[in-house]
Amino acid sequence: MSSPDWELSRREFVAGGASLSAMASTPIFGTAQAADTPAPSAAPTRNVTMEANPMMTVTMDINGRSRSLTLDTRTSLLDALREHLQLTGTKKGCDHGHCGACTVLVNGIRINACLSLAVMHDGDRVTTVEGLGTPDALHPMQAAFLKHDGFQCGYCTPGQICSAVALLAEIEKGVPSHVTDDIAAPMKLTNLELRERMSGNICRCGAYSNIAEAITEVAGAKA
Ligand code: FES
Ligand code: FES
């Protein structure tokens, strides 16, 4: 039961609300004071201009063919090959220099294409697995990998093959490795040298013994 003292009729309540609204909309300090009050400034606008990504043109000899690309300077050689030239034989495994799946030859020397910017290779000669041989005329290393089943899923294989080709060139030139005992002696492809020099190429399928057999056979044939 409500007390009559506190009871407001619907009409009184609505009338009271209207009075309060009128008070709220009346300037408390009058119009002069309101004119002196600076209008709240609009939110500060930051003069942000989205700078275009720096682009650069690079020309490389890729698998015997001159290719010019205008690239964002941050493009890795791996992405230039795969995304811009559709040379997808070179694989992206880790994109961090850990697995060797992206190994290509630059001027005959193997590198991890994921760790190198494409614009650093203006004028360079780049060889990918597509440039080593063709399906009808395989490179001896490609043929040996096939013969010895040097792969299972095949994802690491292009990198393994490029690495193996460069490895034999290193041995031929007498380039020492961390396990070379005598750098003055003629370089030989021992089992230890082979495993050390191929240690940057990871095979998750574990086809290592067959890969070693394939490389040894090609090295033997060369010898
Ligand atoms: S993708 Fe380059 S080292 Fe793994
Ligand atoms: S063959 Fe599968 S990762 Fe090497």
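Nothing here was measured: the structure is a model prediction, and the numbers come from that model. Reckoned from all heavy atoms, side chains included, excluding hydrogens, waters and symmetry mates.
- Transitive grouping of hydrophobic side chains (ILVMFWY, heavy atoms separated by less than 4.5 Å) keeps Leu87 and Val119 in distinct clusters.
- Linking Ile, Leu, Val, Met, Phe, Trp and Tyr residues whenever their side-chain heavy atoms come within less than 4.5 Å places Val165 and Leu189 in a single cluster.
- Remark: the backbone N or O of Thr128 is paired with a side-chain donor or acceptor of Asn63 at under 3.5 angstrom.
- The structure places CZ of Phe145 at 11.0 Å from NE2 of His139, a figure rounded to the nearest 0.5 Å.
- Between the side chain of Arg82 and the main chain of Thr88, a donor-acceptor pair closer than 3.5 Å is present.
- Partners of Arg74 under the salt bridge (Lys or Arg N to Asp or Glu O under 4.0 Å) rule, at least two apart in sequence or in another chain, are Asp72.
- The salt bridge (Lys or Arg N to Asp or Glu O under 4.0 Å) check on Asp95 picks up Lys92, with sequence neighbours excluded.
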### Query
Passes side-chain contact (heavy atoms from CB on, under 4.5 Å), Glu170 versus Met187? Steps please.
CA-CA 9 Å; Glu170 287 163 17; Met187 196 70 63; over 6 Å; no
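- Val129 places a side-chain heavy atom less than 4.5 Å from the side chain of Cys162.
- Leu192 belongs to a hydrophobic cluster whose other members, connected by ILVMFWY side-chain contacts under 4.5 Å either directly or through intermediates, are Val179.
- Contact check for Met60 versus Leu77: side-chain heavy atoms found under the 4.5 Å cut-off.
- A heavy-atom distance below 4.5 Å is found between the side chains of Met141 and Ile215.
- Scanning all heavy atoms of the two residues, the minimum distance from Val218 to Pro140 falls at CG2-O, 3.7 Å.
- Apart from Leu78 itself, the hydrophobic cluster it occupies contains nothing, where clustering links Ile, Leu, Val, Met, Phe, Trp and Tyr at side-chain heavy-atom distances under 4.5 Å.
- No single ILVMFWY cluster, assembled from side-chain heavy atoms under 4.5 Å apart, contains both Met198 and Val104.
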### Query
Which is it for Arg67 and Val126 under the side-chain contact (heavy atoms from CB on, under 4.5 Å) test, yes or no, and what are the steps along the way?
CA-CA 10 Å; Arg67 307 296 294 264; Val126 180; over 6 Å; no
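- Side-chain N or O atoms of Asp124 include none that pairs as donor or acceptor with a backbone N or O of Val106 at under 3.5 Å.
- Under a 3.5 Å cut-off, the side chain of His148 and the backbone N or O of Gly150 do not form any donor-acceptor pair.
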Donor-acceptor list for residues 200-207 side chains, cut-off 3.5 Å, not counting sequence neighbours:
unit_1	atom_1	unit_2	atom_2	d
Asn201	OD1	Ser163	OG	2.7
Asn201	ND2	Gly100	O	3.1
Asn201	ND2	Thr103	OG1	3.4
Asn201	ND2	Gly159	O	3.2

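- No continuous path of ILVMFWY side-chain contacts below 4.5 Å connects Val58 to Leu117, so the two sit in separate hydrophobic clusters.
- Ala212 approaches Arg195 most closely through the heavy-atom pair CB-NH2, 4.0 Å.
- Residues Gln142 and Leu132 form a side-chain contact, since some pair of their non-hydrogen atoms from C-beta on lies under 4.5 Å apart.
- In this structure, Tyr155 shares a hydrophobic cluster with no other residue, the cluster being traced through Ile, Leu, Val, Met, Phe, Trp and Tyr side chains under 4.5 angstrom apart.
- Inter-residue side-chain proximity for Asn210 and Phe151 is flagged as unmet; no heavy-atom pair is nearer than 4.5 Å.
- With a 6.0 Å radius and a threshold of 12 heavy atoms from other residues, nucleotides or ligands, Asp181 has its CG atom at or below the threshold.
- Listed for the Thr180 side chain is no donor-acceptor partner under 3.5 Å among the backbone atoms of Ile183.
- Transitive grouping of hydrophobic side chains (ILVMFWY, heavy atoms separated by less than 4.5 Å) brings Ile211 and Ile171 into a common cluster.
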### Query
Yes or no on side-chain hydrogen bond (donor to acceptor under 3.5 Å, both in side chains) for Thr75 and His84, after CA distance, side-chain angles and deciding distance?
CA-CA 10 Å; Thr75 308; His84 295 263; 4.7 Å; no
